[in-house]
Amino acid sequence: MVEEPRPELSVLAGTSPVAASLNPASLSSSSLNPSWLRLAYAVEFLIALIAVIGLWSEVGGGHLDLMPWYMKLGCILGLAWCFVRFTASLVEQPRIWTGRTIGWFVGIMLVCLLMGGITYYYHLHEEQDDGDEDTTAAAENITTLGTFSLL
């Protein structure tokens, strides 16, 4: 006796036309509407800005207050741009790791290293706060209060 293939197994195997049309690998960038992609990239850029600012302020601590605004703005915009271009290169190609995606991922890592280096530089060059040492004139007068001469 020869068994006939079951229809539910053919759907699971992906041989049905409906399953083939829902396969993410069958979607190409030409089948996606470019206006929706532009909107999605714009929203991703805004979310990336918020995420980069929040993460850098948490990791960098108070050292961000010492940096000039244009340095912070350049790093934040650069990292958010690299994130969006990395996502766009993922969407444009059927494979995940292509030359573009690796390039943008390296760009993300380089901007992160730059941000870490800038934060470390400002950490090393901040003014030291010596709150334990009291060198005011009143403290010096108190220590010499018990010694006076009779002349």
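- Under a hydrophobic clustering in which Ile, Leu, Val, Met, Phe, Trp and Tyr are joined whenever their side-chain heavy atoms come within less than 4.5 Å, directly or via other members, L37 and L39 fall into different clusters.
- For the salt bridge (Lys or Arg N to Asp or Glu O under 4.0 Å) condition, the pairs that include at least one residue of residues 98-114, sequence neighbours left out, are E92-R100.
- Taken from CZ in R85 to CG in L90, the straight-line distance is 11.0 Å, to the nearest 0.5 Å.
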With a cut-off of 3.5 Å and sequence neighbours excluded, list every side-chain donor-acceptor pair involving residues 68-84.
| from | atom 1 | to | atom 2 | distance (Å) |
| --- | --- | --- | --- | --- |
| K72 | NZ | L64 | O | 2.9 |

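- Applying the salt bridge (Lys or Arg N to Asp or Glu O under 4.0 Å) test to pairs two or more places apart or on separate chains, none has a residue in residues 104-119.
- Cluster annotation: I96 and V91 are assigned to the same hydrophobic cluster (Ile/Leu/Val/Met/Phe/Trp/Tyr, side-chain heavy-atom contacts under 4.5 Å, transitive).
- In terms of hydrophobic clustering, with Ile, Leu, Val, Met, Phe, Trp and Tyr side chains grouped at heavy-atom distances under 4.5 Å, M67 and Y120 are assigned to different clusters.
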Distance-only donor-acceptor pairs under 3.5 Å for side chains of residues 40-60, two or more places apart:
| from | atom 1 | to | atom 2 | distance (Å) |
| --- | --- | --- | --- | --- |
| E44 | OE1 | T87 | OG1 | 3.4 |
| E44 | OE2 | T87 | OG1 | 2.5 |
| W56 | NE1 | T119 | OG1 | 2.9 |
| S57 | OG | I53 | O | 3.1 |
| S57 | OG | G54 | O | 2.9 |

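- Residue L113 is found outside any hydrophobic cluster, as its side-chain heavy atoms come under 4.5 Å of no other Ile, Leu, Val, Met, Phe, Trp or Tyr.
- Judged as a side chain to side chain contact (heavy atoms under 4.5 Å, CB included), and not counting sequence neighbours, the contacts of R95 are T98.
- Rounded to the nearest 0.5 Å, atoms CH2 (W104) and CE (M109) are 14.0 Å apart.
- Under the rule for a ring pair (Phe, Tyr, Trp, His ring centres under 6.0 Å), the partners of W97 that lie at least two apart in sequence or sit in another chain are F105.
- Put simply, L110 and L114 are part of the same group of oily side chains (I, L, V, M, F, W, Y) that touch within less than 4.5 Å, one to the next.
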